[in-house]
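Reviewing the structure listed below.
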Amino acid sequence: MSSRAFYVTTPIYYINGTPHIGHAYTTVVADVLARTARTQGDAFFLTGTDEHGQKVANAAAEAGVAPQAWCDRLVEHWKDLFARFEISYDDWIRTTEPRHERVVQAVFEQLRESGDVYRGTYEGWYCVHDETFWLDSKLAGGKCPTCGRGVEWLAEDDWFFRLSKYNDRLLRHFKEHPQWVRPRTVYNEMLALLEEGLEDFSISRAAFDWGVPVPGGGGVIYVWFDALLNYISAIGWSHDDATFKKFWPASVQLIGKEIARFHTIIWPAVLWALGEEAPELVFAHGWMTTDGQKIGKSLGNASDPFAEVDRFGADSLRYFLLREAPFGSDFSYSEEKIAQRHNSDLGNDLGNLFHRTLAMLHKYREGIVPAVRPPLENTSFDRLRFADLPGRVRASILDLRFRDALEAVWELVTALNRTIDERKPWVLHKENRADELDALLYDLCEGLRWLAILLAPVMPERAREMWRRLGLRDRIDANWDEALVWGGLPPQTQTVAGDALFPRVELISS
RNA sequence: GGCUCGGUAGCUCAGUGGUAGAGCAGGGGACUCAUAAGCCCUUGGUCGUAGGUUCAAAUCCUACCCGAGUCACCA
């Protein structure tokens with residue numbers, strides 16, 4: 001990673017409905033990246049909502065309210081959900097905010113002046129429901145191939161973006177930066193599209209008015225063109241150069257794979273048209289599936305994310321989402337799998353390690369972290385083996401290999417559990433080998449302190465609880481290079497006994 | 001149909017030329033500080049199929065089978 005500030009974005013979420021677990025997924029991933037990046041420097045984490053377009057207008061009309069009132073109501077669901085998941089976003093952009101609309105119009109005007117936006121006529125079949133133009137050859141029996149509804153012939157004067165002009169540069173960019181779109185399969189798909197050739201496309205709509213007005217009149221700006229610009233409007237493009245230069249180009253832009261075209265072809269072209277750089281990395285993750293089916297609201301198989309948080313806890317869900325599958329590919333989501341991860345990894349391995357260690361500390365030393373004489377010797381715990389652990393964990397996370405990162409952390413969990421069994425503190429106590437017991441208990445507690453710090457980006461709430469029980473007062477999210485030095489746990493710290501960190505949940509058998 | 005990716009232990013996956021791996025699940029054992037958790041040992045795979053290249057292939061090439069994705073505007 002460069003020394004420049006870290007900037008991570010999620011898609012802004014289209015609020016024609018309420019959020020499901022898939023939306024939480026993308027946002028949790030971004031949150032883990034941001035929290036990790038903050039342990040080594042400046043970071044900015046942007047998320048938000050996409051509030052324009054005909055579908056939002058329609059949803060509002062059905063609810064019998066004005067579009068803006070609809071958005072104001074819906075956005076609260078999203079903010080509530082992300083609060084439940086402890087999402088530490090630095091800014092929440094709404095595309096209906098004046099600060100955003102001003103930028104969209106400024107972009108439009110600049111591109112109109114430079115000639116990359118021009119006036120043309122769009123003619124073709126149009127599906128109102130999907131806000132989509134269709135070629136005659138694509139229609140299914142005269143109906144919209146996507147939603148099956150009727151289409152109408154539309155001919156309207158629109159503004160077009162000169163995408164074709166950037167075809168060659170995009171090809172070059174893809175060839176020169178084979179890692180800029182991940183995973184590989186999405187990169188290949190996009191490269192294939194580029195090789196087929198790009199056409200200019202319409203970026204305005206005349207048929208409805210819920211959108212950013214085209215400067216000077218002539219309809220509203222196409223919702224996608226509007227939406228993409230959130231990534232730069234929020235960090236000050238055209239009005240706050242210092243902030244913009246600090247964070248752009250984005251370090252990581254997370255997306256779902258269904259919107260890869262917009263983010264890896266149209267988006268860089270628009271940026272280049274503005275004289276800006278493309279993002280460093282666009283990462284398209286896979287779907288969550290149930291029984292091999294994509295989870296989505298339209299399929300009716302999306303579980304209520306609020307209920308899932310109530311059942312398992314936000315941290316267990318966060319852990320599951322990152323640990324279960326390699327990031328990028330689809331993965332199957334089920335309560336059974338979550339319960340298994342929760343009970344096995346979190347309850348048995350981590351939670352029980354924490355619990356048994358503090359229980360012994362209380363039984364043998366009144367819960368007070370021993371002072372070790374001489375410091376940090378006479379222990380069998382091989383801490384040198386973990387000297388490079390923080391670096392490995394951070395590198396894996398920032399490379400979006402979350403599963404690798406968690407597996408690395410679990411090496412420490414396993415090593416601590418093994419050490420207890422090998423050194424048998426209950427024997428040391430019975431035989432009055434006080435120095436050995438002190439040294440062992442100290443190392444175990446110090447290991448727990450490391451775990452709390454390393455896991456804080458993934459499980460912020462439970463990590464804070466570990467921190468509190470360990471009697472620690474300073475920041476859990478301090479710079480890892482300074483905080484993760486063995487021996488950082490102050491002797492004589494009074495710890496707090498308590499209930500299980502991850503109480504077992506019963507597996508559903510149905 | 002074209003293109004892309006994948007098919008490795010019951011499950012989720014790692015492994016891209018040199019004697020098949022991890023976690024979970026299953027089986028056995030020793031212990032007791034602990035959420036009947038943890039620790040140790042262990043069963044289990046002709047690496048989708050058929051050919052080919054090579055001293056040597058899960059790993060490279062070809063064909064085929066199966067699954068997923070994508071093919072111009074689906075947050």
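The partner of B:rC24, taking Watson-Crick or G-U wobble pairs whose two distances both stay under 3.5 Å, is B:rG10.
With respect to the salt-bridge test (charged N to carboxylate O, under 4.0 angstrom), the residues A:Glu324 and A:Arg403 do not qualify. A:Asp72 has a carboxylate O that lies under 4.0 Å from a charged side-chain N of A:Arg94, or vice versa, which qualifies the two as a salt bridge. Taking a cutoff of 4.0 Å between a charged side-chain nitrogen and a carboxylate oxygen, A:Glu335 and A:Arg311 qualify as a salt bridge. Electrostatic pairing of A:Arg449 and A:Glu446 counts as a salt bridge here, judged by a charged N lying under 4.0 Å from a carboxylate O.
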Self-check item: Contact state string [nucleotides 27-36 of chain B, B base, S sugar-phosphate only, - no protein heavy atom under 4.0 Å]
Solution: ----SSBBB-
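For residues 346-360 of chain A, the pairs satisfying salt bridge (charged side-chain N to carboxylate O under 4.0 Å, His left out) are A:Arg356-A:Asp421, with sequence neighbours left out. Among residues at least two apart or in separate chains, there is no side-chain hydrogen bond (donor to acceptor under 3.5 Å, both in side chains) pair with a member in residues 183-199 of chain A.
Distance, A:Glu411 CD to B:rC39 C1': 17 Å, rounded to whole Å. Rounded to whole Å, the distance from OH on A:Tyr187 to C1' on B:rU4 is 13 Å.
With B:rU12, B:rC73, B:rC5 as the candidates, the nucleotide lying closest to the side chain of A:Thr185 is B:rC5. Side chain of A:Glu189, nearest nucleotide from B:rU4, B:rG23, B:rC73: B:rU4.
With sequence neighbours excluded, the residues forming a ring-ring contact (aromatic ring centres under 6.0 Å, His included) with A:Phe108 are A:Trp159, listed by chain and number. For A:Trp210, the side chain to side chain donor-acceptor pair (under 3.5 Å) test picks out no residue, with sequence neighbours left out.
Taking atom C1' on both nucleotides, B:rU54 is separated from B:rC13 by 30 Å, rounded to a whole Å. Remark: the separation of the C1' atoms in B:rG51 and B:rG44 is 30 Å, to the nearest Å.
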Enumerate all atom pairs, one protein N or O and one N or O from nucleotides 40-44 of chain B, separated by less than 3.5 Å.
| from | atom 1 | to | atom 2 | distance (Å) |
| --- | --- | --- | --- | --- |
| B:rC40 | OP1 | A:Arg418 | NE | 2.8 |
| B:rC40 | OP1 | A:Arg418 | NH2 | 3.4 |

